[in-house]
Amino acid sequence: MNTSFLRISVWVYLAIFFAYLLGPLVIMSITAFNSSEFPRATPWECLTFDWFSALFQDQRILNGIKNSLIIGLGTVVLSVAMGLAGALMLTQIWPKLRASYYTIIIAPILIPGVVLGISTLVFWDRINRFLGLGADSFLSNGIFLTVIGQSTFIASYCMLVLVARLQRYDVALTEAALDLGATHAQAFRKILLPFMRPAIASAAVLAFLASFENYNTTTFTFGEYPTLTIELAQKVRYGITPAISALAFIIVVLTVFFALLNEASIKRKEVVAAARRQATVGEVTGKVRLPGFFTGNAAAVVLVVFAIATISVVGTATVYSPAQCIADVKEQKRLEAEKRIQELRKKREEQRKQREAEQAEQAEQGEAQQSAPKPSNNSGFGNVFAPNTLSGEGEDDVPDTDTDEQPSGGNGGFGGAFDPNSLQSPSE
């Protein structure tokens, strides 16, 4: 029971891990075939290959790819050379200084790419001024600065790969070659370099990929030669299209193809080596019958299937036309837009009628309050506490203001004691 639960947990973990790792790439690849003008997988509209055509017609993207390839090749040459030199120095340096030297070589990996880009730009600008060169000199060229800036930290990655291979090298082979009369250059070229060839190839691939996708350092050094990542970042500011998804799909396809090709080649070598080990004496003295390319080579089978699927998709793209489907989708969108407009107008009309009804109801209530009779005061105090008693604005008890005669006495219970004219002299 515990073993089954552990096995299920491992498979669930692997499924979640690969879904998290490859899910965005799969979704972006799907958006490259959707006719929507914005990259999205749902809702699906029409199958189309037009975004690949739009990609190859975008001159900025093509120029960025060209600059990325040139800078990548330059970075590979410089980074692998510096990495190999650093790895050889690390194995031959005094052991007490090896830790300090290793820390210095690895330090560029820990420095942010922005700092490396700015420092590269400032340093070579000062060198350019010191030599009295102009702004259009080679030292101010964007390709040169980008290659130098990227190589400062990519060379450290290459050195780590080469050191891992160099640690398995038997120094006695070089010593034997030197004893037999070979020079150091010959020993390096005929013994050490062939042994390091797989690591050099791996370091070159790593350096190229790191250069191709670099953005932070390249932002400050590209000058007039923007790379693909720079162009993509600039295009995102003005809105992206599925043409970028088409580019991502092509990169994914090429990566998978070369990975399968490498795996099939390695598996082929293993199968051939196993067949030679299991060969009989007669087969060894004669000719060993080697197995076929697909024998025990699952990667080769997957590679062939992948190649057939790619060719089928390309062939379908040449004859398929999504024009009618796109026209139907546009008509459906137009009808849906009109329906939403009508619903919005109907909703607004209902809200207007509701507001008019509320206003009419409020007006009726106001008229009813104005036409209602005022309550009379029948208390035993008369009108002493009426609101208009002191202001003289009563409708029944106040005399006409247009007449010149003033009342000589009050009608209240206090006589004329509170009459305003009671204190005036008769002459006034």
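- The two atoms that bring Ala233 and Tyr215 nearest to each other are CB-CE1, 3.6 Å, heavy atoms only.
- Under the rule for a side chain to side chain contact (heavy atoms under 4.5 Å, CB included), the partners of Ile244 that lie at least two apart in sequence or sit in another chain are Leu232, Ile240.
- The shortest side-chain heavy-atom distance between Tyr157 and Ile109 falls under the 4.5 Å cut-off.
- Counting only heavy atoms from C-beta outward, the side chains of Phe52 and Phe249 approach each other to under 4.5 Å.
- Across every non-hydrogen atom of Pro108 and Ile104, the tightest pair is CD-O, 3.6 Å.
- The two atoms that bring Ile27 and Ala41 nearest to each other are CG2-CB, 4.3 Å, heavy atoms only.
- In summary, the side chains of Asp328 and Gln332 do not present any donor paired with an acceptor at a separation below 3.5 Å, with no hydrogens or angles considered.
- Applying the side chain to side chain contact (heavy atoms under 4.5 Å, CB included) test to Pro322 and every residue at least two apart in sequence or in another chain returns Thr48, Asp50, Tyr320, Ile326.
- Contact between Leu121 and Phe220 at its shortest, heavy atoms only, is CD2-O, 3.4 Å.
- The shortest side-chain heavy-atom distance between Glu343 and Lys347 does not fall under the 4.5 Å cut-off.
- Lys235 is listed as a side-chain neighbour of Asp58, based on a closest heavy-atom distance under 4.5 Å.
- Of the possible polar contacts, one joining the Thr146 side chain to the Gly142 backbone as a donor-acceptor pair under 3.5 Å is found.
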Working for side chain to side chain contact (heavy atoms under 4.5 Å, CB included), residues Phe33 and Trp44: CA-CA 9 Å; Phe33 299 93; Trp44 183 264; 4.0 Å; yes
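- Taking 4.5 Å as the limit, some side-chain heavy atom of Leu139 sits within range of a side-chain heavy atom of Phe144.
- Once rounded to the nearest 0.5 Å, the distance linking CG of Leu160 with CG of Leu206 reads 9.5 Å.
- Side chains of Thr174 and Tyr169: a donor-acceptor N/O pair is present below 3.5 angstrom, by distance only.
- Note that the NZ atom of Lys339 and the CG atom of Leu344 stand 14.0 Å from one another [nearest 0.5 Å].
- Side-chain contact between Leu62 and Gln57: absent, with no pair of heavy atoms (C-beta onward) separated by less than 4.5 Å.
- Legend: residues meeting salt bridge (charged side-chain N to carboxylate O under 4.0 Å, His left out) with Glu338, ordered by chain and number and at least two apart, are Arg334.
- For Thr103 (side chain) and Ala99 (main-chain N/O), a donor-acceptor pair under 3.5 Å exists by modelled atom type.
- Using modelled atom types, no side-chain atom of Ser151 and backbone atom of Ile148 make a donor-acceptor pair closer than 3.5 Å.
- The stretch residues 31-40 participates, sequence neighbours left out, in these salt bridge (charged side-chain N to carboxylate O under 4.0 Å, His left out) pairs: Arg40-Glu45.
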Verdict with reasoning, Asn214 to Thr217, per side chain to side chain contact (heavy atoms under 4.5 Å, CB included): CA-CA 7 Å; Asn214 182 262; Thr217 304; 3.5 Å; yes
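- Across Trp51 and Asn34, no two heavy atoms sit closer than the pair NE1-O, 2.8 Å.
- Evaluation of the side chain to side chain contact (heavy atoms under 4.5 Å, CB included) rule for Thr152 yields Leu116 as partners, not counting sequence neighbours.
- Atom-to-atom distance recorded for Met82:CE and Ile105:CD1 is 9.5 Å, nearest 0.5 angstrom.
- Scanning all heavy atoms of the two residues, the minimum distance from Ser68 to Phe212 falls at CB-CE1, 3.5 Å.
- Here the side chains of Thr91 and Val171 are not in contact, with every heavy-atom distance at 4.5 Å or above.
- Thr31 pairs by the side chain to side chain donor-acceptor pair (under 3.5 Å) definition with Ser245, not counting sequence neighbours.
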Val10 vs Leu14, side chain to side chain contact (heavy atoms under 4.5 Å, CB included): CA-CA, chis, key distance, verdict: CA-CA 6 Å; Val10 170; Leu14 291 176; 4.1 Å; yes
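- Arg355 contributes atom CZ, which lies 12.5 Å from atom NZ of Lys353 (distance to the nearest 0.5 angstrom).
- Annotation: side chain to side chain donor-acceptor pair (under 3.5 Å) contacts involving residues 222-232, sequence neighbours excluded, comprise Arg60-Glu231, Thr227-Thr229.
- Distance OG1/Thr218 to CD/Glu213: 9.0 Å, rounded to 0.5 Å.
- Evaluation of the salt bridge (charged side-chain N to carboxylate O under 4.0 Å, His left out) rule for Glu349 yields Arg352 as partners, not counting sequence neighbours.
- Between the CD1 atom of Ile250 and the CG atom of Leu55 there is a distance of 5.0 Å, given to the nearest 0.5 Å.
- By the side chain to side chain donor-acceptor pair (under 3.5 Å) test, Ser156 pairs with no residue at all, sequence neighbours left out.
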Verdict with reasoning, Ser211 to Ile71, per side chain to side chain contact (heavy atoms under 4.5 Å, CB included): CA-CA 7 Å; Ser211 172; Ile71 292 173; 3.8 Å; yes
Tabulate below the donor-acceptor pairs under 3.5 Å that side-chain atoms of residues 179-205 make, not counting sequence neighbours, or state none.
residue : atom : partner : partner atom : Å
Thr183  : OG1  : Gln186  : N            : 3.2
Gln186  : OE1  : Thr183  : N            : 3.2
Ser202  : OG   : Pro198  : O            : 3.1

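- Asp125 meets the salt bridge (charged side-chain N to carboxylate O under 4.0 Å, His left out) test with Arg129; sequence neighbours excluded.
- Residue pairs that meet the disulfide bond (SG atoms under 2.5 Å apart) test with at least one member in residues 30-62, sequence neighbours left out, are Cys46-Cys325.
- Judged by distance alone, the side chain of Ser36 and the main-chain N or O of Phe38 form a donor-acceptor pair under 3.5 Å.
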